[in-house]
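Just so we're clear, the structure is a prediction, and the values are computed from it rather than from any experiment.
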Amino acid sequence: MASSQSIPNEETIAAAGQITVFDNKGSQVLFGDIFASVKTVVVFIRHFFCGMCQAYVSQLAAVSEKSLSEVGVKIVVIGCGEWQLIDNYKKDTGFTGDIYADPSRELYRKLNMTVETLAGTPAGEQKRSYVTGALSNVLKSIWRGPVSHPLHMGKQGNISQLGGDFIFGPGNTCQFAYLMKHTQDHVEVAELMEAAGVKST
């Protein structure tokens, strides 16, 4: 799944590491500090109102803390919207790990997540397991987003931005990288955890 074309080199990782993201309190955090001392699965979602990504992060939330701690791995999520949406996103998905915001999308661009599209799974291609039904996910996205939190309208991030799934650290290393090709294209959680050495429970 990971390709040599998508795995960033050490120079790119070091440069990306100097880019700041925001935590749920609005504090700036150097991206490199997130994985400086521990192997870290970093999932870049599309935007904070994307129902498909919310379903995916809910699957990430189901990975047991015990299985992660046994092998010294953590999972973080990064979105391209404003940091004020993070706490509600955690509540909506059940994800208890750290979530950060990159509203400028500088980090996305540095790690080559430059594709923008609203296209879903191509005809004839099997849908990912987290894509349980486009309509229900769209409805959930609308309910969890502008309907439930009208003051967050316009702060969710660019709706055509695609994300990607990485395994960084410790230090300026990357052992896995996958860039989304369409809006329903995150790596299966089981495959991502296997690449990180996390045992399924």
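- A side-chain donor-acceptor contact under 3.5 Å links Ser58 to the backbone of Thr93.
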| said: As a quick check of understanding, evaluate side chain to side chain contact (heavy atoms under 4.5 Å, CB included) for Phe22 and Ile86, giving each step before the final call. | reply: CA-CA 10 Å; Phe22 296 89; Ile86 291 175; 5.8 Å; no
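- For Asn24 and Tyr89, the side-chain atoms include no donor-acceptor pair closer than 3.5 Å.
- Rounding to the nearest 0.5 Å gives a distance of 10.0 Å between CD1 of Ile7 and CG of Leu179.
- A donor-acceptor distance shorter than 3.5 angstrom exists from the side chain of Gln54 to the backbone of Phe48, with no hydrogens or angles considered.
- Put simply, CG on Leu111 and CZ on Phe44 are 5.0 Å apart, with the number rounded to the nearest 0.5 Å.
- Arg128 and Tyr178 make their closest contact through NH2-OH, 3.6 Å (heavy atoms, listed as atom of the first residue, atom of the second, distance).
- Listed for the Lys74 side chain is a donor-acceptor partner under 3.5 Å among the backbone atoms of Ile34.
- Taking the side chain to side chain donor-acceptor pair (under 3.5 Å) definition, one finds that Asp23 meets it with nothing, sequence neighbours left out.
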For residues 25-33, please give each side-chain donor-acceptor pair under 3.5 Å, one per line with the distance, not counting sequence neighbours.
none

**Prompt:** Checking side chain to side chain contact (heavy atoms under 4.5 Å, CB included) for the pair Lys181/Leu162: CA distance, chi angles, key distance, verdict?
**Reply:** CA-CA 7 Å; Lys181 300 181 181 68; Leu162 296 188; 5.6 Å; no
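- One distance of note links OG1 of Thr20 with CG of Asp102; it measures 8.0 Å at 0.5 Å rounding.
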Can you list the steps and then say if Val57 with Ile45 is a side chain to side chain contact (heavy atoms under 4.5 Å, CB included)? CA-CA 9 Å; Val57 174; Ile45 58 171; 3.8 Å; yes
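- Contacts of Thr114 classified as side chain to side chain contact (heavy atoms under 4.5 Å, CB included), with partners at least two apart in sequence or in another chain: Asn112.
- Checking side-chain atoms of Arg109 against main-chain N and O of Ser104 turns up a donor-acceptor pair under 3.5 Å.
- Nearest approach of Met113 to Gly163, heavy atoms of both residues: SD-C, 3.5 Å.
- A side-chain contact (heavy atoms from CB on, under 4.5 Å) with Val43 is found for one member of Ile78, Val76, Leu192 and no other, namely Leu192.
- Val71 and Val41 fall within a single hydrophobic cluster, where Ile, Leu, Val, Met, Phe, Trp and Tyr are joined by side-chain heavy atoms under 4.5 Å apart, directly or via other members.
- For Lys90 against Thr96, the heavy-atom pair with the smallest separation is NZ-O, 3.8 Å.
- Partners of Thr12 according to the side chain to side chain donor-acceptor pair (under 3.5 Å) rule, which considers only residues two or more places apart in sequence or in another chain, are Asn9.
- Residue Phe176 comes nearest to Cys174 through the heavy atom pair O-SG, 3.2 Å, listed as atom of the first residue, atom of the second, then distance.
- Among the candidates Arg105, Met180, His47, the single residue satisfying the side-chain contact (heavy atoms from CB on, under 4.5 Å) test with Gln161 is Arg105.
- Pairs passing the salt bridge (charged side-chain N to carboxylate O under 4.0 Å, His left out) check and including a residue from residues 62-73, sequence neighbours excluded, read Lys66-Glu70.
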List the atom pairs, with distances to 0.1 Å, where a side-chain N or O of residues 165-172 and a protein N or O form a donor-acceptor pair under 3.5 Å, not counting sequence neighbours.
from: Asp165; atom 1: OD1; to: His186; atom 2: ND1; distance (Å): 2.9
from: Asp165; atom 1: OD2; to: His186; atom 2: ND1; distance (Å): 3.4
from: Asp165; atom 1: OD2; to: Val187; atom 2: N; distance (Å): 2.8

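- The nearest pair of heavy atoms linking Ala177 to Ser6 is O-OG, 3.0 Å.
- Looking at Met193 and Val73, their side chains never come closer than 4.5 Å, going by heavy atoms from C-beta outward.
- No side-chain donor-acceptor contact under 3.5 Å links Gln59 to the backbone of Ala190.
- Residues Met52 and Thr183 have side chains not in contact (no heavy-atom distance under 4.5 Å, counting atoms from C-beta outward).
- Atom-to-atom distance recorded for Cys80:SG and Glu106:CD is 14.0 Å, nearest 0.5 angstrom.
- Enclosure of atom NZ in Lys39 by more than 12 non-hydrogen atoms of other residues, nucleotides or ligands within 6.0 angstrom is indicated.
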